[in-house]
Amino acid sequence: EVGIVPYEWIEYIDSSGDEFSYRPQFFAKFKGLNKTPYKYLAYYIKSDIYREGNDPWDMQWRSINININ
């Protein structure tokens with residue numbers, strides 16, 4: 001699951017991460033529908049038409065976008 005946060009909703013970015021995963025953490029205002037900071041969500045699933053060995057590797061995944069706003 002991947003979400004897109006509008007830039008203007010970001011309050012603070014902690015680039016050092018936390019003690020569990022040393023990745024940046026984004027702190028955002030919860031302005032969206034159902035109190036979510038995301039504008040839309042994208043789910044990635046395996047493509048049912050991908051042919052291993054014939055198609056490029058990145059074609060094995062397809063996304064489904066769900067608009068929240």
Side-chain angles (χ1 to χ4, degrees):
E1 181 178 317
V2 177
I4 302 298
V5 177
Y7 183 78
E8 62 271 9
W9 291 6
I10 297 173
E11 293 282 319
Y12 174 73
I13 299 173
D14 179 4
S15 60
S16 62
D18 60 19
E19 67 272 16
F20 302 108
S21 65
Y22 301 99
R23 294 180 221 143
Q25 293 181 333
F26 292 79
F27 297 88
K29 293 179 184 178
F30 286 83
K31 288 185 170 183
L33 183 65
N34 296 327
K35 303 290 185 187
T36 179
Y38 302 111
K39 198 173 195 174
Y40 71 86
L41 296 175
Y43 291 91
Y44 289 87
I45 60 173
K46 281 214 174 224
S47 173
D48 49 354
I49 60 170
Y50 173 72
R51 295 171 296 154
E52 189 171 352
N54 292 326
D55 293 333
W57 179 86
D58 60 345
M59 284 183 64
Q60 69 179 317
W61 300 98
R62 65 183 180 101
S63 68
I64 299 171
N65 293 332
I66 300 171
N67 290 327
I68 295 177
N69 290 352

Item to complete: Check whether more than 12 heavy atoms from other residues, nucleotides or ligands sit under 6.0 Å from atom CD of Glu11, and answer yes or no.
Response: yes
Response to the item:
Tightest non-hydrogen contact, residues Asp55 and Ile49, listed as OD2-O, 3.8 Å
Item to complete: Would you give the length of the straight line joining atom CD1 of Ile10 to atom CZ of Phe27, rounded to the nearest 0.5 angstrom?
Response: 12.0 Å
Discussion item. Determine whether Lys46 and Trp61 satisfy the following criterion, side-chain contact (heavy atoms from CB on, under 4.5 Å), listing intermediate values before the conclusion.
Written reply: CA-CA 5 Å; Lys46 281 214 174 224; Trp61 300 98; 3.6 Å; yes
Practice prompt. Over all heavy atoms of both residues, which pair between Met59 and Tyr50 is shortest? Give the atoms and the distance, please.
Written response: C-CD1, 3.8 Å
